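Here is the structure we will look at.
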Amino acid sequence: MINNLLRKLKKAPWVVAQPLTKKPNNPQSVISDLFVWRCNQDWNTYFELLDLASLFGDEGQHQVGIVFFDNNGENFHQKSIELSGLYRQVLDIYKVLSTLKQLPSDYGTFCIFHKKIPNSVLKLQSFIAERGYVSYQYKNAPLRSYVHGNLDAIDDGLALLSGSSFLNRQYNLQYLLEMDRVYEIALVNTSSKNKKVEFKVVDFNDSVLMEKCITLKPKQVFILPIKDVPNPGQLVIKSKIIMARPVVFCFDNDKMDVFHG
Amino acid sequence: MSYFPILKAPYCTGSTTLYNFSPNNWELVDKCEQTVSLTYIKDDLWYSVALEKLAYQDYKVVKHNDISDLIPDGALALLSLSKEELPRTSEELPVLNCSHTYVPMSRATLGLKSSFTTTVYQGEINPFPSQASLLTFSPFLQFGSGVENYVLLMNLEKLPESRKVVVEIYDAHSKELKKIQSAYSNQINIISLNDMGFNEQSLPVIICREMASIPLYFSSYKCGEILSLEHTHPPASLVVHGNRFGAQKQIKEYWFAQLKK
């Protein structure tokens with residue numbers, strides 16, 4: 001019992017008043033992850049639009065709003081899209097953005113807000129959350145690589161929902177960085193404050209193979225390239241982000257595999 | 001703490017990388033050596049074999065070929081880390097004595113390797129209740145010459161049995177039953193989604209009324225030249241806060257009533 005109490009006391013500075021996800025103030029809010037988009041001559045991004053209200057049995061024509069942010073986290077485009085009910089609907093991000101004269105950057109973040117909230121979800125005092133599926137096509141490959149959304153990052157008033165840590169935390173990516181591979185690690189700041197982030201690649205003898213420090217603005221994504229690691233290594237991300245879970249792009253020559261950390 | 005399966009899929013062999021370090025620096029864990037065990041079913045019992053000791057801060061890659069001689073043909077291979085060796089045999093899946101974390105969960109890298117490339121996701125599996133069920137909507141099917149799609153239904157339960165269940169695959173819009181196939185508990189069930197009449201507008205919905213699973217969607221181009229792998233979230237992930245499992249119950253009841261064999 002004393003041991004349990006000690007464990008709780010030791011954990012308190014890491015958990016008290018530091019929620020992973022804050023509840024939106026408005027009970028009729030809808031929530032989205034901040035997904036990473038990449039569009040240039042090598043990349044395209046797709047999003048699998050599911051009509052969540054239809055999945056809950058709500059009939060009728062539904063819409064989503066999509067909001068895009070550039071590589072500095074600045075909003076540069078938004079639009080409404082009609083959903084196709086229980087048909088599959090793949091959103092080609094390059095096509096959506098092709099109406100713009102010029103893209104402000106070739107990567108950034110985006111979020112998707114469902115405009116219809118099923119009554120059953122309201123009754124359960126829950127919030128609809130878009131944490132769906134993004135796919136990336138690299139160098140026109142005949143297969144896209146998929147990754148699911150992970151965080152309840154932002155509400156439809158564009159309020160960021162991730163909490164902030166009082167102390168610096170380490171996110172030790174449980175993934176083996178291999179010598180013959182190239183990686184790009186994408187990390188999004190889903191909190192409302194600027195965050196200093198330290199990336200460190202270390203080998204299993206504790207030697208530091210690479211270090212990079214940045215400041216991430218809210219809604220901003222940073223993409224860290226890692227290549228030519230001399231030994232197998234692991235990535236450590238130090239910041240006041242509560243869950244600094246990155247998206248990992250792994251390259252094997254022209255082949256690309258993406259997954260969540 | 002969780003088990004870490006070795007995956008299997010067409011044109012591929014599985015490989016799982018285990019990590020004996022915490023994914024964060026603030027949830028208290030014992031920094032100790034752990035035993036890497038292989039657990040599988042034989043003669044209606046769980047068998048466990050200690051493979052080796054893994055030092056703290058180290059990793060271990062276990063390929064299917066490394067352990068294929070130790071398990072019956074086709075058996076689900078489960079790896080684990082624990083502070084103590086597991087019993088040689090048991091009538092229930094051993095409960096692992098090891099440190100665990102929640103934000104994030106401790107994971108392993110679950111990979112599939114073909115002659116040409118590799119795809120991975122960060123995963124784990126915990127035993128499902130035997131009375132649980134599965135509902136998954138799949139927007140992951142990819143199309144084109146040389147492209148094949150599969151769902152890998154990965155189940156783990158406490159009892160060492162091979163329960164036969166029925167998996168039903170429908171088109172979400174038309175509710176047309178496309179396929180019925182048997183699957184088994186404590187197994188990775190590979191189900192082809194090819195030649196079922198699905199096209200780019202189809203949203204497949206896969207249900208199993210008698211067994212839960214982690215649904216992994218796997219696509220291959222030209223017999224493994226390029227691979228794609230991702231899982232869907234459970235329906236509870238469509239919402240946050242409030243009564244999420246009430247929402248999951250509701251959506252499952254709705255679809256199980258809509259979809260008739």
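Proteins come first, then strands; the chains are lettered A, B, ... in the order of their sequence lines, and each starts at number 1. Bear in mind the structure is a predicted one, so any value in this text is a computation, not a measurement.
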Worked check of salt bridge (charged side-chain N to carboxylate O under 4.0 Å, His left out) between A:E48 and A:R144:
CA-CA 12 Å; A:E48 300 290 340; A:R144 304 193 300 269; 3.5 Å; yes

For the interface with chain A, which of B:H233, B:E27, B:Q258 has the highest count of heavy-atom pairs at distances below 4.5 Å?
B:H233

Only pairs of heavy atoms separated by less than 4.5 Å count here; which of B:L227, B:T109, B:D58 has the most with chain A?
B:T109

With a 4.5 Å cut-off on heavy-atom pairs, point out which of A:A141, A:P142, A:G57 contacts chain B the most.
A:P142

Chain B contact via A:K10 - side chain, backbone, both or neither, heavy atoms under 4.5 Å:
side chain

Side chain from CB out, backbone as N, CA, C, O: work out which of these in B:E200 comes under 4.5 Å of a heavy atom of chain A, or both, or neither.
backbone

When A:V248 is tested against each of A:D257, A:I226, A:L235, A:I185 for side chain to side chain contact (heavy atoms under 4.5 Å, CB included), which residue passes?
A:I185

Less than 4.5 Å to any heavy atom of chain B: does that hold for the side chain of A:N172, its backbone, both, or neither?
both

Sort B:V103 into side chain, backbone, both or neither according to what part of it lies under 4.5 angstrom from a heavy atom of chain A.
both

Counting heavy-atom pairs closer than 4.5 Å to chain B, which one of A:R88, A:K23, A:Q125, A:H114 comes out on top?
A:R88

Honestly, the part of A:I31 sitting under 4.5 Å from a heavy atom of chain B is side chain

Return the option, out of A:H260, A:K11, A:K255, with the maximum number of heavy-atom pairs under 4.5 Å with chain B.
A:K255

Which bit of B:S202 is near chain A, if near means a heavy-atom gap under 4.5 Å: side chain, backbone, both or neither?
backbone

Sidechain N-carboxylate O distance under 4.0 Å for A:K200, A:E198
yes

Residue B:L229 versus chain A: region with a heavy atom under 4.5 Å:
backbone

Give, as side chain, backbone, both or neither, the part of B:S138 having an atom under 4.5 angstrom from any heavy atom of chain A.
neither

Part of B:V61 within contact of chain A (heavy atom distance under 4.5 Å)
side chain

For side chain to side chain contact (heavy atoms under 4.5 Å, CB included), just list the numbers for B:Y19 and A:L176, CA-CA rounded to whole Å, side-chain angles, deciding distance to a tenth of an Å, and then say yes or no.
CA-CA 9 Å; B:Y19 307 95; A:L176 182 67; 3.9 Å; yes

By a 4.5 Å heavy-atom criterion (distance strictly below it), what part of B:T118 contacts chain A: side chain, backbone, both, or neither?
both

I want to know whether A:F47 and A:Y133 have ring centres closer than 6.0 Å.
no

Any idea which heavy atoms bring B:M154 and B:P5 closest together, and the distance?
SD-CG, 3.4 Å

Parallel under 30°, tilted from 30 to 60°, perpendicular over 60°: which one fits the rings of A:W43 and A:F249?
perpendicular

Heavy-atom proximity to chain B below 4.5 Å, by part of A:R7:
both

Side chain to side chain contact (heavy atoms under 4.5 Å, CB included), paired with A:V64, selected from A:L91, A:L83, A:L50
A:L83

Could you go through B:Q122 and A:R245, starting from their C-alpha distance and side-chain angles, then the distance that decides it, and tell me whether this counts as side chain to side chain donor-acceptor pair (under 3.5 Å)?
CA-CA 11 Å; B:Q122 301 291 99; A:R245 172 174 278 168; over 6 Å; no

So which residue, B:N25, B:I226, B:L203, ends up with the most heavy-atom pairs under 4.5 Å with chain A?
B:N25

Select one option (side chain, backbone, both, neither) describing which atoms of B:Y254 are under 4.5 Å from chain A's heavy atoms.
side chain

Honestly, the part of A:V15 sitting under 4.5 Å from a heavy atom of chain B is side chain

In terms of the angle between their ring planes, are B:F21 and A:F204 parallel, tilted or perpendicular, with boundaries placed at 30° and 60°?
tilted

Applying ring pair (Phe, Tyr, Trp, His ring centres under 6.0 Å) between B:Y217 and each of B:Y150, B:Y121, B:F140, B:F137, report the one that passes.
B:F140

For chain A, find which of B:G144, B:G246, B:S237 contributes the most heavy-atom pairs closer than 4.5 angstrom.
B:S237

Chain A contact via B:T232 - side chain, backbone, both or neither, heavy atoms under 4.5 Å
both

For A:L143, is it the side chain, the backbone, both or neither that has a heavy atom under 4.5 Å from a heavy atom of chain B?
both

Could you walk me through whether A:D33 and A:R131 satisfy the salt bridge (charged side-chain N to carboxylate O under 4.0 Å, His left out) test, starting with their C-alpha distance in whole Å, then the side-chain angles of each, then the deciding distance to 0.1 Å, before giving a yes or no?
CA-CA 6 Å; A:D33 195 353; A:R131 294 199 286 182; over 6 Å; no

Classify the side-chain pair A:K240/A:S164 by whether it contains a donor and acceptor separated by less than 3.5 Å.
no

Heavy-atom cut-off 4.5 Å, strictly under: side chain, backbone, both or neither for A:N168 against chain B?
backbone

Heavy-atom cut-off 4.5 Å, strictly under: side chain, backbone, both or neither for A:E130 against chain B?
neither

Pair B:H100 and B:Y102, ring centroids less than 6.0 Å apart
yes

Please determine whether side chain to side chain donor-acceptor pair (under 3.5 Å) holds for the pair B:K83 and B:T35, giving the CA-CA distance in whole Å, both sets of side-chain angles, and the decisive distance to 0.1 Å.
CA-CA 6 Å; B:K83 292 176 199 166; B:T35 301; over 6 Å; no

Against chain A, label B:K175 side chain, backbone, both or neither, depending on which of its atoms sit under 4.5 Å from a heavy atom there.
side chain

For B:E168, is there an ion pair with B:R209 - N to carboxylate O distance below 4.0 angstrom?
yes

Could you tell me if B:K178 sits above the aromatic ring of B:F198, with its cationic atom closer than 6.0 Å to the ring centre and no more than 45 degrees from the axis?
yes

Just give me the residue among A:F259, A:F56, A:Y146 that pairs up with chain B most often, heavy atom to heavy atom, under 4.5 Å.
A:Y146

Under 4.5 Å from any heavy atom of chain A - which part of B:Q57
both

Going by the angle between their ring planes, with limits at 30° and 60°, are B:H241 and A:F127 parallel, tilted or perpendicular?
perpendicular

Taking A:Q89, A:Q170, A:M256 one by one, which has the highest count of heavy-atom pairs under 4.5 Å against chain B?
A:Q170

In terms of heavy-atom pairs under 4.5 Å with chain B, the winner among A:L52, A:I128, A:V30 is A:I128

What part of A:H148 gets closer than 4.5 Å to chain B, counting heavy atoms only: side chain, backbone, both or neither?
both

Pick one of side chain, backbone, both or neither for A:S84, based on which atoms fall under 4.5 Å of a heavy atom in chain B.
neither

Go through the atoms of A:P13 and report whether side chain, backbone, both or neither lie under 4.5 Å from a heavy atom of chain B.
neither

